[in-house]
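Convention: sequence-line order gives letters A, B, ...; per-chain numbering from 1. Only heavy atoms go into these numbers, but all of them, side chains included; no hydrogens, no water, no symmetry mates.
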2 protein chains.
Amino acid sequence: MSQSKQSKSPLRVSPQPTPPTITKSARTRAAILNATMDFVWTHPFRDLTVGSLMASTDVGRSAFYKHFTGLYEVMETLMEMLQGGIVDATEHWYTGVGDPTALLQKGLAGLVSVGYEQGPLLRSMVEAATTDERFEAIWNRFMESFDNTVTERIEADQAQGLIADFDARPVAIALNRLNAYTLIQEFGHHPRSEPQPVLEALARIWISTLYGTDRFGEKSSTLVRT
Amino acid sequence: MSQSKQSKSPLRVSPQPTPPTITKSARTRAAILNATMDFVWTHPFRDLTVGSLMASTDVGRSAFYKHFTGLYEVMETLMEMLQGGIVDATEHWYTGVGDPTALLQKGLAGLVSVGYEQGPLLRSMVEAATTDERFEAIWNRFMESFDNTVTERIEADQAQGLIADFDARPVAIALNRLNAYTLIQEFGHHPRSEPQPVLEALARIWISTLYGTDRFGEKSSTLVRT
DNA sequence: CTTACTTTGTGACATAGTGTTACCTTGTAG
DNA sequence: CTACAAGGTAACACTATGTCACAAAGTAAG
């Protein structure tokens, strides 16, 4: 009732993916996706219903089911967009060569940046995962892929003697939960936190844990980036 | 229909809180709480309905509303029980004196122990928080109380020169998300992970971050506890 | 014991959301 | 201009919630 419009979701879904044939179907599909995006930007996922969603388009509620089998499928589509951004932002660390600390720092900076831009969307993903069984499976697979990648990277650095020889997988799982849920906590709702202190906190934790604390002076100003 | 019973929730709600007057009301209340406990032990919270819940008691569905205003209030009651266990298990660290590393280690061991015992209940709390607005507020207050306590403890140790002088709050927030969601990931579903490697991972991350990595030998066998 | 009264329990109802079906409409390819 | 598939709709069946008026059953007092 007292809702002075906040920020709008930045990602927009254009009707035509590649071919210039703008079908009516694609336009409605895009309208649904955009309406969903806008909705989760400012509302909890639990308040999203097919009815309220379609009310903000120019077609009726039951037309929704001509394009998606349910809300979970809409979220799945949006997640593919989010996933791309996250993978792009962090892949340096997994694949790059050079100073591992600097690579990690860069990867985390990218992750925090995406989290800051897409926070509410990220939050809605987790909410959708607890609401819908099928989407939960998709989300879990997403997180597990990170668990695997981070585990591999830790083990590779352990083989080179860069990281102490501990059981990599539980640490990877824990650090990934750290990232995901810290980003949601800090950037999932309006008003968002400042990204800088969050990046410093995450970088401190990851770097201390993996590469040791001797990287830090007394004041952590060496961590400043972005 | 085809439900071969898995493990049962260990916490039981006795009808009489303190006075020996066993009212009929208290018995039904306890039956509801126990049925809820049993349910979330083996099912996702989204599948919990008032109907299915009351079907496993000897009174009808609408009797539920004579005792609770909704499922969220049931979860609130169960959370008070869980909260007590967590606070008991971790309070050493916040208040104790002596070697901070050892205190932290003990606190985490207690936390992992509670998480291991109460994992599915903890998971259902987070699920309920994303489903119900009022319970979400309660859960957030719970997490914030930990954020405040950990922030204070870090700042106290920083004042003594035991911890490097970084911005304590974002680190406290991140480390608390680490704990909560790692415990849910590892112990929230059957079959649960082993507690030992999880404790080692959490201890490594907390201790490295706060007190430095020089505490660890090459193999982390010094961390073994329980 | 029985009367009066509060607590606990019930069936029926109103409401809100989901997903499906059978049937229109429209736009565009032949 | 017409055939017909794709897109859209209204109405329905279903499931869950929460409430209400009323019934039953404990309990306390006389």
What is the distance, to the nearest angstrom, from the [atom1] atom on [X] to the [atom2] atom on [N]?
| X | N | atom1 | atom2 | result |
| --- | --- | --- | --- | --- |
| B:Met54 | D:dT17 | CE | C1' | 14 Å |
| B:Phe68 | D:dT17 | CZ | P | 15 Å |
| B:Arg27 | D:dG26 | CZ | C1' | 13 Å |
| B:Leu48 | D:dT15 | CG | P | 18 Å |
| B:Arg46 | D:dT15 | CZ | P | 19 Å |
| A:Leu53 | C:dT18 | CG | C1' | 14 Å |
| A:Asp58 | D:dG7 | CG | P | 14 Å |

**Message:** Can you confirm whether more than 12 heavy atoms, excluding those of B:Glu133, are under 6.0 Å from its CD atom?
**Reply:** no

**Item:** Criterion salt bridge (Lys or Arg N to Asp or Glu O under 4.0 Å) on A:Arg177 and B:Glu186, from CA distance to verdict
**Value:** CA-CA 11 Å; A:Arg177 298 313 169 283; B:Glu186 302 280 21; over 6 Å; no

**Request:** Identify whether the distance between the nearest side-chain nitrogen and carboxylate oxygen of A:Glu91 and A:Lys106 falls below 4.0 Å.
**Result:** no

**Message:** Among residues 60-67 of chain B, which ones have heavy-atom contacts with DNA chain C below 4.0 Å?
**Reply:** B:Gly60, B:Ser62, B:Ala63, B:Lys66, B:His67

**Message:** Under 4.0 Å from OP1 or OP2 of D:dG7: is there any side-chain N or O of A:Ser25 that close?
**Reply:** yes

**Message:** Check the phosphate of D:dG8 against A:Thr28, side-chain N and O only, distance under 4.0 Å to OP1 or OP2. Yes or no?
**Reply:** yes

**Item:** Side chain of B:Thr49 (C-beta onward), nearest among C:dT10, D:dT17, C:dG17
**Value:** D:dT17

**Request:** Check the angle between the aromatic planes of B:Tyr94 and B:Phe146 and answer parallel, tilted or perpendicular using the 30° and 60° thresholds.
**Result:** perpendicular

**Prompt:** With a 4.5 Å limit on heavy-atom distance, are the side chains of B:Leu71 and B:Leu48 in contact?
**Reply:** yes

**Request:** Would you please test A:Arg204 and A:Glu200 for salt bridge (Lys or Arg N to Asp or Glu O under 4.0 Å) and show each step?
**Result:** CA-CA 6 Å; A:Arg204 173 171 293 273; A:Glu200 288 177 30; over 6 Å; no

